[in-house]
2 protein chains.
Amino acid sequence: MGVVRNTKSVKLVNDLFNEIHSAIGVVELVEKFNGQMNKSTIYRILDRLEDEGRVHSFLGVNGLKHYAKCHDCSKSEHVDIHPHFQCTTCGKVECVSYEIKIPRLSNKKIEQAQLLLTGTCEVCLA
Amino acid sequence: MGVVRNTKSVKLVNDLFNEIHSAIGVVELVEKFNGQMNKSTIYRILDRLEDEGRVHSFLGVNGLKHYAKCHDCSKSEHVDIHPHFQCTTCGKVECVSYEIKIPRLSNKKIEQAQLLLTGTCEVCLA
DNA sequence: TTATTTTTGCGACTGAGTTGCATTAATTGT
DNA sequence: ACAATTAATGCAACTCAGTCGCAAAAATAA
């Protein structure tokens with residue numbers, strides 16, 4: 001365990017999440033911070049931020065990991081089950097403020113749910 | 001395009017999907033048919049079966065591709081948007097017969113939705 | 001049966017994500 | 001402020017799912 005340190009790289013990643021309000025894929029993050037920090041570092045920072053509950057992760061259409069800052073739900077216990085939307089044209093991914101209803105399944109205990117919506121975003125529709 | 005040929009390998013894969021009624025990951029399929037057919041062959045057969053609408057695919061919790069035979073919806077135009085359930089204990093994955101409601105997003109056109117439920121299945125609960 | 005076209009096997013490859021380890025940087029205690 | 005401690009980073013090598021090109025084999029059509 002131990003303390004989480006506020007390193008230069010952590011600050012850079014945090015700053016980015018504060019600027020952008022959409023979600024971002026790890027691949028894009030690696031590209032964006034190319035030269036500033038190592039691939040492994042990014043993966044490790046994201047892991048830590050997620051552990052702390054400062055970001056949440058989910059998989060995009062292609063199964064690639066995406067992260068977004070928890071805006072709506074930062075105070076709560078990080079049990080935000082909201083859908084995510086990915087534009088199949090421009091690739092942009094964002095969180096959707098919409099409460100999804102989880103079906104009850106007989107004899108099964110559902111602990112998590114992730115809903116991924118794909119389609120065309122407002123920019124690409126125009 | 002051309003005709004889809006009914007090869008020995010295709011038969012084996014079809015037989016398996018008729019036997020099992022749960023979904024199965026590509027990794028498990030590769031393992032299961034190890035010695036009987038090549039990894040690439042499996043991937044290609046699954047691609048073809050999906051093109052034909054005989055199976056559908058989705059991503060499991062770890063982003064790995066899974067396939068299942070379309071039981072409930074084989075006749076329709078393969079627009080089956082049903083959830084999938086994955087047991088985090090035993091790893092089993094299955095289709096869930098439950099109509100999910102897709103939220104309407106302003107200015108966005110949603111074409112697809114995939115809902116993945118994770119938790120503990122009836123066997124592992126006992 | 002022969003000609004045509006699709007599938008397969010193989011091996012090499014790609015690309016995301018992980019790991020071990022030595023080095024560097026942040027924190028803690030004095 | 002400085003030394004000691006402990007966490008984070010860089011690097012390079014690795015794992016593993018999935019893809020690709022191409023020659024050989026198997027299906028279908030003629």
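In what follows, chains carry the letters A, B, and so on, assigned in the order in which the sequence lines appear, proteins first and then strands, with residues in each chain numbered from 1.
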A:L125: partners by side chain to side chain contact (heavy atoms under 4.5 Å, CB included), with sequence neighbours left out: A:T120, B:K109

Quick one: list whatever passes side chain to side chain contact (heavy atoms under 4.5 Å, CB included) with B:R44, sequence neighbours left out. B:S40, B:R48

Out of [options], whichever nucleotide has its closest atom nearest the side chain of [X]:
{"X": "B:I45", "options": "C:dG9, C:dG17, C:dT8", "answer": "C:dT8"}
{"X": "A:S40", "options": "C:dT8, C:dG17, C:dT18", "answer": "C:dT18"}
{"X": "B:V4", "options": "C:dT7, D:dT9, C:dG17", "answer": "C:dT7"}
{"X": "A:K39", "options": "C:dG17, D:dG10, D:dT6", "answer": "C:dG17"}
{"X": "B:V27", "options": "C:dT8, D:dG18, C:dG17", "answer": "D:dG18"}
{"X": "B:L64", "options": "C:dT6, D:dG18, C:dT8", "answer": "D:dG18"}
{"X": "A:R5", "options": "C:dA25, D:dG18, D:dT28", "answer": "C:dA25"}

Rounded distance (Å) that lies between atom [atom2] of [N] and atom [atom1] of [X]:
{"X": "A:K11", "N": "C:dA25", "atom1": "NZ", "atom2": "P", "result": "13 Å"}
{"X": "A:M37", "N": "D:dG10", "atom1": "CE", "atom2": "P", "result": "8 Å"}
{"X": "A:N34", "N": "C:dG15", "atom1": "CG", "atom2": "C1'", "result": "15 Å"}
{"X": "A:N38", "N": "C:dG20", "atom1": "CG", "atom2": "P", "result": "16 Å"}
{"X": "A:L29", "N": "C:dA16", "atom1": "CG", "atom2": "P", "result": "13 Å"}
{"X": "A:R48", "N": "C:dA26", "atom1": "CZ", "atom2": "P", "result": "12 Å"}
{"X": "A:Y43", "N": "C:dG20", "atom1": "OH", "atom2": "P", "result": "18 Å"}
{"X": "A:K65", "N": "D:dA17", "atom1": "NZ", "atom2": "C1'", "result": "16 Å"}

With a 4.0 Å limit, can you tell me whether B:R44 has a side-chain N or O closer than that to the phosphate oxygens OP1/OP2 of C:dC10? no

Is B:T7 close enough to C:dT6 that one of its side-chain N or O atoms is under 4.0 Å from OP1 or OP2 there? no

Start at the 5' end of DNA chain C and walk down; is the nucleotide closest to A:N6 or to B:S9 reached first? B:S9

Using only atom types and a distance under 3.5 Å, with no angle test, would you say the side chain of B:Q36 pairs donor to acceptor with the backbone of B:S9? no

Using a strict 4.0 Å threshold on nitrogen-to-oxygen distance, state whether A:K101 and A:E99 make a salt bridge. no

Mind checking if B:V30 touches a base, just sugar-phosphate, or nothing, with heavy atoms under 4.0 Å? nothing

A:L105 side, atom CG; B:L117 side, atom CG - distance, nearest 0.5 Å: 6.0 Å

Identify, between B:L59 and A:I42, the residue whose nearest nucleotide on DNA chain D lies closer to the 5' end. A:I42

